[in-house]
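Below you will find the structure I want to go over with you.
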Number of protein chains: 2
Amino acid sequence: MAMSNQTDKRVFVQSDDCPIRDVVAQIGDKWSILILFSLVDGPDRFNSLKSRIEGISQRMLTQTLRDLERDGFVNRTVYPEVPVKVEYKLTELGKGLTKSVWGLVSWADTHHDDIRAARQHYDARKQ
Amino acid sequence: MAMSNQTDKRVFVQSDDCPIRDVVAQIGDKWSILILFSLVDGPDRFNSLKSRIEGISQRMLTQTLRDLERDGFVNRTVYPEVPVKVEYKLTELGKGLTKSVWGLVSWADTHHDDIRAARQHYDARKQ
DNA sequence: CCGCATCCTGGGGGATACTG
DNA sequence: CAGTATCCCCCAGGATGCGG
């Protein structure tokens, strides 16, 4: 996809298999990005992730990890010890994704105060 | 927030007013990014946006525009003509956000095929 | 033309209990 | 330890109709 001129951008947003829609729909859920960033420092185990990501239920952790695995962002390895140990790690694709999300995250960090100020200003004006 | 060592990153994800959670929750919905990118070429009117963004209802367009306005990403201007004309444009903050999302979008564009291939591979293996 | 109000449904996602 | 299976609630968001 070109994305080189105005027309392309407009079509870009409309297309059904538009990458924005597809990837953002996957990544933009409640937990995906949090899990991704919890794995940037290296592999981690199921229950460790669960305790590190505040508020996630095991149901959603399992489900989101499956989705991330399906999209090729995360690898799942079972170590047949007793008790069983399962490790999750970022794939190269997952690392690339996380890296490209990092720009957004650091922007959000930098401008978080601006955003909250804008919200307060808006809410105050509407009483 | 530092984000300079491992400990910070882990806390980062857990904090309640964590910028990732806050901004992604706002931006990661079904329509926000699509609207943002529909405005990068310049201001646009309500119904023009509606027709350019495939599948959006006027209810969700209104609501998402309000949220974007509240966060200071979009400016709303009413021209008291007959019939009324309302123009939406990116603020400087909104332009900054859109620009920082662009890295993710272009990554998604580049690797869209890889993701779809991973999905097919995963689905095939699980029958 | 631009939206708000209302109604209604699907599925995201929490809580809990049970297996290998 | 790492899930799977159920139940259930809530609300994102579509459809429709009205008002300035």
Side-chain angles (χ1 to χ4, degrees), chain A residues 13-14 16 21-36 38-39 43-71 74-89 122-123 125-127, chain B residues 13-14 16 21-35 38-39 43-71 74-89 122 125-127:
Chain A
V13 166
Q14 288 187 342
D16 261 353
R21 296 201 175 200
D22 198 13
V23 174
V24 168
Q26 183 57 48
I27 287 296
D29 70 357
K30 196 172 176 182
W31 302 111
S32 291
I33 289 187
L34 262 16
I35 293 177
L36 253 18
S38 296
L39 290 174
D44 203 359
R45 306 177 52 175
F46 186 86
N47 276 332
S48 171
L49 283 170
K50 178 158 161 29
S51 63
R52 283 174 54 207
I53 302 173
E54 199 172 81
I56 196 168
S57 61
Q58 79 276 59
R59 180 190 199 286
M60 289 319 294
L61 182 54
T62 304
Q63 186 173 305
T64 310
L65 281 169
R66 289 292 170 282
D67 291 341
L68 293 174
E69 192 191 355
R70 188 172 105 98
D71 277 11
V74 160
N75 256 349
R76 178 175 182 270
T77 312
V78 182
Y79 295 92
E81 308 168 354
V82 178
V84 116
K85 168 179 159 184
V86 180
E87 226 178 45
Y88 294 91
K89 58 176 292 202
Y122 183 93
D123 292 343
R125 238 182 5 152
K126 309 284 171 181
Q127 285 97 17
Chain B
V13 167
Q14 288 187 344
D16 260 354
R21 294 200 176 202
D22 198 13
V23 174
V24 167
Q26 183 57 49
I27 287 296
D29 70 356
K30 197 171 176 181
W31 302 111
S32 290
I33 289 188
L34 261 17
I35 292 177
S38 297
L39 290 173
D44 203 357
R45 307 178 50 177
F46 186 85
N47 276 331
S48 172
L49 284 169
K50 177 158 162 30
S51 63
R52 284 174 53 205
I53 302 173
E54 200 172 81
I56 196 169
S57 62
Q58 81 272 66
R59 174 178 154 63
M60 289 320 294
L61 181 55
T62 303
Q63 186 173 306
T64 309
L65 281 169
R66 286 297 168 281
D67 291 342
L68 293 175
E69 191 192 355
R70 188 171 105 100
D71 277 9
V74 161
N75 256 132
R76 177 175 183 270
T77 311
V78 181
Y79 295 93
E81 307 168 355
V82 178
V84 115
K85 168 179 160 185
V86 181
E87 226 178 45
Y88 294 91
K89 57 176 293 200
Y122 182 92
R125 236 180 9 149
K126 309 284 171 180
Q127 285 98 15

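Every chain is numbered from 1 and lettered A, B, ... according to where its sequence line falls, protein lines coming before strand lines. Both backbone and side-chain heavy atoms feed into the values below; hydrogens, waters and symmetry mates do not.
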Point to revise | Set of side chain to side chain donor-acceptor pair (under 3.5 Å) partners for B:R76, sequence neighbours left out | key: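 Only B:Y88 meet the side chain to side chain donor-acceptor pair (under 3.5 Å) criterion with B:R76.
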
Check your understanding: So A:W31 and A:I53, side-chain contact (heavy atoms from CB on, under 4.5 Å) or not? Walk me through it.
Key -> CA-CA 9 Å; A:W31 302 111; A:I53 302 173; 4.0 Å; yes

**Study point:** From A:L65 atom CG to A:M60 atom CE, the distance as rounded to the nearest 0.5 Å
**Key:**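 Reported to 0.5 Å precision, the distance equals 10.5 Å.
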
**Study point:** Spacing of B:I56 atom CD1 and B:I35 atom CD1 [to the nearest 0.5 Å]
**Key:**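 If we round to the nearest 0.5 Å, B:I56:CD1 and B:I35:CD1 are 4.5 Å apart.
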
Exercise for review: Give the minimum heavy-atom separation between B:D71 and B:Q26, together with the two atoms involved.
Suggested key: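 Of all heavy-atom pairs spanning B:D71 and B:Q26, the closest is OD2-CG, 3.0 Å.
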
**Study point:** Working for side-chain contact (heavy atoms from CB on, under 4.5 Å), residues B:V84 and B:V86
**Key:** CA-CA 7 Å; B:V84 115; B:V86 181; 3.9 Å; yes

Exercise for review: Applying side chain to side chain donor-acceptor pair (under 3.5 Å), name anything that partners A:Q63, two or more places apart in sequence or on another chain.
Suggested key: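 By the side chain to side chain donor-acceptor pair (under 3.5 Å) rule, A:Q63 matches A:R59.
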
Check your understanding: Given side chains that start at C-beta, do those of B:L34 and A:V24 come closer than 4.5 Å, heavy atoms only?
Key ->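 Result no, sub-4.5 Å side-chain heavy-atom pair not found.
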
Practice item. At the 4.0 Å heavy-atom cut-off to chain A, mark where contacts on DNA chain C begin and end, going 5' to 3'. Key: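 Extent of the interface on DNA chain C: C:dG13 to C:dA17.
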
Practice item. Please test A:T62 against A:F46 for side-chain contact (heavy atoms from CB on, under 4.5 Å), starting from the C-alpha separation and ending with a verdict. Key: CA-CA 8 Å; A:T62 304; A:F46 186 86; 3.4 Å; yes

Review point. Among all residues two or more places apart in sequence or in another chain, which pass the side chain to side chain donor-acceptor pair (under 3.5 Å) test with B:T64?
Key: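 Partners of B:T64 by the side chain to side chain donor-acceptor pair (under 3.5 Å) criterion come out as none, since no residue qualifies.
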
Review point. Rounded to the nearest 0.5 Å, how far does CG of A:N75 lie from OG1 of A:T77?
Key: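 The distance works out to 6.0 Å.
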
Check your understanding: Under the salt bridge (charged side-chain N to carboxylate O under 4.0 Å, His left out) rule, what pairs show up with a residue in residues 77-89 of chain A, not counting sequence neighbours?
Key ->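 Listed once each, the pairs would be none.
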
Check your understanding: Between B:K50 (NZ) and D:dG13 (C1'), how many Å, whole number?
Key ->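 Result: 13 Å.
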
Check your understanding: For D:dC1, does OP1 or OP2 lie under 4.0 Å from any side-chain N or O of A:Y88?
Key ->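 The answer is no; no side-chain N or O of A:Y88 sits under 4.0 Å from OP1 or OP2.
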
**Study point:** Check: B:S48 side chain, B:D44 main-chain N or O, donor-acceptor pair, under 3.5 Å
**Key:**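 Flag not set: sc B:S48 to bb B:D44 has no pair under 3.5 Å.
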
Point to revise | Interface with DNA chain C, restricted to residues 23-31 of chain A and to heavy atoms under 4.0 Å | key: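 Correct list: A:K30, A:W31.
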
Practice item. Please list, chain by chain and in numerical order, all residues satisfying side chain to side chain donor-acceptor pair (under 3.5 Å) with B:D67, sequence neighbours excluded. Key: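 Result, side chain to side chain donor-acceptor pair (under 3.5 Å) vs B:D67: none returned.
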
Exercise for review: Mind listing the residues from residues 59-71 of chain A sitting with a heavy atom below 4.0 Å of DNA chain C? Number order is fine.
Suggested key: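 Here the set is A:R59, A:M60.
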
Check your understanding: If you fit an axis to the five pairs at each end of the helix from C:dC1-D:dG20 to C:dG20-D:dC1, how big is the angle between those two axes, to 10 degrees?
Key ->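 That helix gives 50° between its end axes.
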
Point to revise | Of residues 76-83 of chain A, the positions that come close to DNA chain D - non-hydrogen atoms, cut-off under 4.0 Å | key: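 Within this stretch, A:R76, A:P83 sit under 4.0 Å of the strand.
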
Exercise for review: Starting from P on D:dG3, measure out to CZ on A:F46 and report it in whole angstrom.
Suggested key: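 Spelled out: CZ on A:F46 to P on D:dG3 is 5 Å.
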
Check your understanding: Who pairs with B:V82 by side-chain contact (heavy atoms from CB on, under 4.5 Å), at least two apart in sequence or on another chain?
Key ->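 Once residues adjacent in sequence are excluded, B:V82 has no partner under the side-chain contact (heavy atoms from CB on, under 4.5 Å) criterion.
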
